[in-house]
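Note sheet for the following structure.
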Amino acid sequence: MKEFKPIKEGKVREIYDNGDSLIMVATDRISAFDVILKNKITDKGAVLTQMSKFWFDYTEDVVPNHMISTDVKEMPEFFQQEGFIGNSMMCKKLEMLPVECIVRGYITGSGWASYQKNGTVCGIKLPEGLQESQQLPEPIYTPSTKADLGDHDENISFEKTIEILEEIYPGKGEYYAQQLKDKTIALYKKCAEYALGKGIIIADTKFEFGLDEEGNVVLGDEMLTPDSSRFWPLEGYEPGKGQPSYDKQFVRDWLKANPDSDYHLPDDVIDKTIAKYKEAYELLTGKPLEV
């Protein structure tokens, strides 16, 4: 059996080269504040992979994506062992674009902090009198740079994304920047509306895109998982305060309250976190997680 070694390891994902495709494995690692925590969250990787699969299938009419298969029987034998089943996705190779495509439908987190200071989020002027967690009149696109491991992403303006892309693709910077913005907002609107019908508010999320061999914009990485998005329960939603969430906000809150934890979570926080991830998966897809 041929052994595979990751060609790239992120905070949560490992990427393997499979010749004309890649195999992305979502591990059970969890990160917060750009640090990988010392615990693993059992089944978290499977939730991320299966959730992405669900959304990729749901939105392929909006924008093509990089998914080929999540069935390990279609992958090399190495990936048919425990540890890869349920959390692996074979993907098309893309030339990834160096922009994190963030869309916010509600005002929360760093956006709320910025709005309180000067009425803007990432330089975008918003109406006066908004409350914390309130839905915005229209979703806003607030891209950022992609930071290397250990660095922080940096918010950038739409104009700056044109500059960055123009440098790499002369004559096409504006075209690609506009494509990213339009596709990000279209994906968010379609999925947020669907999720609302299932009792979940998608407050914000981020997408990553790449180019295929023909230069078409294709959705890559993960999609609308609790790692890349803020999910809130619709039941009990009330603007004017922070909301309970299905994502790792639970972990962030515990770490903030326990600054001496050395990034080590107690068992009950781990159990509650995976329960939240699974609950979100089941509400959105209508079926229990199968690993």
Side-chain angles (χ1 to χ4, degrees), residues 4 6-27 45 48-70 74-75 87-103 141-149 151 153-191 204-225 227-229:
F4 281 78
I7 54 165
K8 189 178 172 197
E9 287 196 62
K11 292 192 278 279
V12 172
R13 279 179 179 66
E14 293 172 352
I15 299 177
Y16 297 81
D17 192 341
N18 186 37
D20 58 358
S21 64
L22 293 174
I23 294 171
M24 285 177 59
V25 178
T27 70
L48 299 187
T49 298
Q50 300 304 322
M51 188 92 90
S52 289
K53 177 188 187 306
F54 170 78
W55 290 118
F56 283 147
D57 285 338
Y58 184 66
T59 57
E60 59 190 353
D61 60 328
V62 178
V63 57
N65 61 68
H66 70 163
M67 179 173 70
I68 299 170
S69 176
T70 55
E74 296 177 14
M75 301 178 203
N87 62 350
S88 304
M89 182 181 287
M90 186 157 63
C91 307
K92 298 173 190 136
K93 285 185 171 177
L94 301 175
E95 188 179 320
M96 296 306 287
L97 298 170
V99 177
E100 299 241 311
C101 297
I102 297 163
V103 54
Y141 176 62
T142 59
S144 75
T145 56
K146 271 195 222 176
D148 291 328
L149 198 57
D151 291 335
D153 298 340
E154 187 188 330
N155 294 327
I156 50 175
S157 65
F158 177 66
E159 289 68 32
K160 183 70 179 169
T161 65
I162 296 176
E163 265 177 55
I164 291 169
L165 294 167
E166 183 64 29
E167 234 173 80
I168 310 169
Y169 307 103
K172 287 200 149 181
E174 190 167 354
Y175 170 75
Y176 282 138
Q178 194 63 51
Q179 286 263 307
L180 295 187
K181 180 179 180 178
D182 292 348
K183 288 180 189 305
T184 294
I185 289 174
L187 286 169
Y188 174 77
K189 282 185 167 176
K190 176 170 181 165
C191 298
D204 53 35
T205 192
K206 69 165 187 183
F207 301 119
E208 294 193 29
F209 296 89
L211 303 180
D212 66 11
E213 287 169 350
E214 284 83 50
N216 301 310
V217 173
V218 177
L219 182 58
D221 199 57
E222 63 182 321
M223 182 177 186
L224 285 164
T225 69
D227 264 18
S228 66
S229 324

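- We find the OG1-CG distance between T205 and D227 to be 10.5 Å, quoted to the nearest 0.5 Å.
- With hydrogens and angles disregarded, a donor-acceptor distance shorter than 3.5 Å links the side chain of N65 to the backbone of F56.
- The one candidate from I164, V99, L165 that meets the side chain to side chain contact (heavy atoms under 4.5 Å, CB included) condition with Y176 is L165.
- The closest donor-acceptor contact from the side chain of T161 to the backbone of F158 lies under 3.5 Å.
- Contact annotation: the side chain of L22 never approaches that of M89 to less than 4.5 Å [non-hydrogen atoms, C-beta and beyond].
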Mind running salt bridge (charged side-chain N to carboxylate O under 4.0 Å, His left out) on K93 and E213 for me, showing each step along the way?
CA-CA 9 Å; K93 285 185 171 177; E213 287 169 350; over 6 Å; no
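- Between M51 and W55 there is a side-chain heavy-atom pair separated by less than 4.5 Å.
- Note that CG of L219 and CG of L94 are 9.0 Å apart. Values are rounded to the nearest 0.5 Å.
- Looking at S157, its side chain does come within 3.5 Å of a backbone N or O of K160 through a donor-acceptor pair.
- A distance of 8.0 Å separates CG of L224 from OG of S52, quoted to the nearest 0.5 Å.
- In this structure, K190 is positioned above the aromatic face of Y58, its NZ or CZ under 6.0 Å from the six-membered ring centre and within 45° of the axis.
- Although no hydrogens or angles enter the test, the distance criterion places a donor-acceptor pair under 3.5 Å between the side chain of D212 and the main chain of G215.
- At least one donor-acceptor pair closer than 3.5 Å links the side chain of E166 to the backbone N or O of G171.
- Once rounded to the nearest 0.5 Å, the distance linking CD1 of I15 with NZ of K8 reads 5.0 Å.
- Taking the side chain as every heavy atom from C-beta outward, P64 and K92 never approach each other to under 4.5 Å.
- Atom-to-atom distance recorded for Y188:OH and F207:CZ is 9.5 Å, nearest 0.5 angstrom.
- The two residues D17 and S21 make their nearest non-hydrogen contact at OD1-O, 3.7 Å.
- Between atom CD1 of residue I68 and atom CD of residue E74 there is a gap of 9.5 Å, rounded to the nearest 0.5 Å.
- The shortest heavy-atom contact between S144 and I156 is CA-CG1, 3.8 Å.
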task: Please lay out, stage by stage, how V217 and K183 fare under the test side chain to side chain contact (heavy atoms under 4.5 Å, CB included).
output: CA-CA 9 Å; V217 173; K183 288 180 189 305; 3.9 Å; yes
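- Residues M75 and T70 share a closest heavy-atom pair of CE-C, 3.9 Å.
- With T145 contributing its side chain and E154 its backbone, the two residues share a donor-acceptor pair below 3.5 Å.
- Side-chain contact check for L97 versus L180: some heavy-atom pair is nearer than 4.5 Å.
- The number of heavy-atom neighbours closer than 6.0 Å to NZ of K53, taken from other residues, nucleotides and ligands shown, is 12 or below.
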Go through it in stages, so that I can follow the logic: the residues are Y169 and E174, the test is side chain to side chain donor-acceptor pair (under 3.5 Å), and I'd like the CA-CA distance, side-chain angles, deciding distance and then a yes or no. CA-CA 10 Å; Y169 307 103; E174 190 167 354; over 6 Å; no
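- Checked by atom type and distance alone, the side chain of T27 pairs as donor or acceptor with a backbone atom of V12 at under 3.5 Å.
- Formation of a donor-acceptor pair under 3.5 Å by the N87 side chain with backbone atoms of A26 is found in this model.
- Side-chain contact between T49 and S88 is absent, with no heavy-atom pair separated by less than 4.5 Å.
- Residues V218 and H66 come closest through the heavy atom pair CG1-N, 3.8 Å.
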